[in-house]
Amino acid sequence: MAGKLTKEHMNLLEGMIGCGPKSFKLLYSITRDGCSAAEFHRKCDNQGPTVTVLLNPQGSVYGGYAGINWKSTGSYTMDDTAFIFQLVFSGKRVVNIFRPKDASKALYFGSNRSALFGHPDFEPFLDTISVNKDGTFSLNGRLTLGTYYNSNNVSNDAINNGSMVVTEMEVYAVSADDARTSTPKQIPWRKTPTLNEEYLSKMTEELASLTPPKGSGITDFRLLLVGPTGAGKSSFINTVMSAFADRVMQKSAVGGSASGLTNKYKSYPVRQGDGSCLNIRLCDTPGIGEHSAMDIVNLHFLLDGHLPNLFQFIPSRHVSIKTDGLIQQPTLSDEVHSVAFVLDASTLSDMSPAVTTWLNDCKKMVQEKGIPLVVILTQIDKLHEEVADNLADVFNHSDVKAAVDKASETLSIPPNHVFPVKNNHTEVETEVSIDSLALMALQKMIFMASDFLEERMFSKEECPTEPNEVTESDTA
Ligand SMILES: Nc1nc2c(ncn2[C@@H]2O[C@H](COP(=O)(O)OP(=O)(O)OP(=O)(O)O)[C@@H](O)[C@H]2O)c(=O)[nH]1
Ligand SMILES: [Mg+2]
């Protein structure tokens with residue numbers, strides 16, 4: 001059974017006791033073991049230093065530390081390391097330490113008494129106490145600081161709310177080791193370089209130098225973002241742009257509209273801080289929802305490059321070859337070279353069946369066309385506060401791994417094609433780990449787009465016939 005002493009309480013007590021890290025092992029609990037002096041001595045005698053903690057119904061936490069073994073010898077004992085303490089009063093953190101005035105009478109070892117500090121200045125109970133109907137214990141001990149322990153002018157009532165009724169009393173053995181604070185070495189669930197300035201500048205340089213394969217006849221990689229309304233598609237575009245510009249940019253409108261904010265197909269060039277353009281076009285689309293304008297027919301025209309920039313989708317209207325303004329004979333440059341499903345990591349489990357079906361239909365179409373597909377998992381900062389606080393550590397965090405696995409399973413996409421990111425959304429300045437994660441996803445999209453383009457070029461080349469290969473005319 002885990003005790004009620006929190007990590008924060010342990011940290012405070014560790015500081016009060018001094019001399020380095022401490023571990024706390026629960027020896028005795030009145031709610032678990034019964035409230036009797038005999039049981040206290042059975043569990044706590046000869047266990048070395050201990051902390052006795054009382055918790056009361058008002059939300060106060062206080063107790064005493066003994067630096068030596070409890071015994072049942074019926075005598076006062078010297079302990080100049082002992083103290084009485086207060087950690088919480090009526091639910092609020094109030095920290096006080098009351099040291100002995102006369103250390104020769106710091107502890108009393110009585111077989112019919114529980115932990116006794118001083119005259120008693122503090123004694124939880126003696127003999128046996130039964131539990132009240134409401135689960136509390138009306139202890140028969142007392143808190144009267146000032147005889148053998150300093151009161152520091154703090155009244156007893158300001159420690160125990162003027163009552164010895166408690167919800168719990170626990171005794172912990174205190175040992176000098178760092179087992180509590182030392183975290184076991186974590187093995188990252190994905191091996192990546194450390195997300196630092198050096199990594200980021202290497203990434204921005206490398207991505208800025210990438211060009212579509214020679215001979216493809218195109219200047220820019222066309223990368224398409226699709227996904228549910230509000231997942232963070234437009235925010236991801238802003239995040240990537242910010243990473244290259246080295247300042248937070250908001251080129252694409254972002255918001256929390258339930259019906260979706262983006263209503264056009266819009267392609268954004270990505271620029272560096274000096275204004276020069278990279279060979280990358282990030283393409284934003286309207287979100288997928290229950291009444292989506294981006295139906296699967298429209299997607300087909302979009303992937304094949306028929307839709308011009310700023311094409312406005314009209315809900316429940318299919319694009320057809322007769323639709324005004326369509327690019328009738330798109331070139332490889334108009335086509336989409338890589339697709340990312342942008343999904344909100346924090347709502348993966350709540351994705352509606354309609355959206356899941358749309359994504360699976362979309363995946364089928366994308367794969368039939370041979371276009372590479374990745375998943376960009378946004379809003380990972382909402383998974384756990386530790387993720388938000390330490391984004392550089394995402395590849396060690398099990399909640400992020402669980403979200404990556406969930407996305408991978410839901411859509412049957414390999415986990416190494418799923419990229420966790422956090423978009424700039426409250427930041428006013430760029431952050432290395434935010435930028436690095438976004439560029440990691442972008443790099444994968446570009447590499448895959450490059451392979452796709454090479455494949456397309458290769459498939460159009462004439463393959464010479466092997467000398468002994470049988471052709472159709474031979475068999476005719
Ligand atoms: N906490 C957090 N919020 C985010 C993140 N990415 C986006 N948001 C917020 O989510 C909301 C929707 O973001 P958008 O980028 O507009 O989403 P979208 O997918 O473009 O939405 P539509 O255009 O409506 O389909 C905005 O309020 C963003 O600030 C993220 O990584 N973390
Ligand atoms: Mg949008």
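Because the structure is a prediction, the values reported are computed rather than measured. One-based numbering, in listed order, for ligands and for the atoms of each. Position 1 is the first residue of the sequence, and the numbers go up from there.
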Have a look at [options] and point out the one with the heavy atom closest to [atom].
| atom | options | value |
| --- | --- | --- |
| atom 3 (N) of ligand 1 | Gln250, His425, Lys264 | His425 |
| atom 31 (O) of ligand 1 | Val421, Leu437, Ile376, Asn423 | Asn423 |
| atom 17 (O) of ligand 1 | Gly232, Ala345, Pro228 | Gly232 |

Can you find an N or O of [X] that's nearer than 3.5 Å to an N or O of ligand 1?
| X | result |
| --- | --- |
| Ser235 | yes |
| Ile380 | no |
| Ser234 | yes |
| Gly230 | yes |

Which of the numbered atoms in ligand 1 are below 4.0 angstrom from a heavy atom of [X]?
| X | answer |
| --- | --- |
| Asp381 | 1 (N), 2 (C), 30 (C), 31 (O), 32 (N) |
| Lys382 | 1 (N) |
| Lys422 | 31 (O) |
| Gly287 | 25 (O) |

Counting backbone and side-chain atoms alike, is an N, O or S atom of Ser235 positioned under 2.8 Å from the Mg ion (ligand 2)?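 No.
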
Pair [X] + [Y], salt bridge at N-O below 4.0 Å:
| X | Y | value |
| --- | --- | --- |
| Arg456 | Glu335 | yes |
| Lys422 | Glu431 | no |
| Lys22 | Glu14 | no |
| Asp220 | Arg281 | yes |

Please find out if less than 6.0 Å separates the ring center of Tyr65 from that of Phe83.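 Here the rings of Phe83 and Tyr65 have centres that are less than 6.0 Å from each other.
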
Taking the six-membered ring of Phe85 (Phe, Tyr or Trp), confirm whether the NZ or CZ of Arg99 is under 6.0 Å from its centre and within 45° of its axis. no

Polar contact flag, side-chain donor to acceptor under 3.5 angstrom, Glu170-Thr52: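 Thr52 and Glu170 do not have a side-chain donor-acceptor pair below 3.5 Å.
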
Given 3.5 Å as the limit, does a donor-acceptor pair link the side chain of Glu409 with the main chain of Val404, or not? no

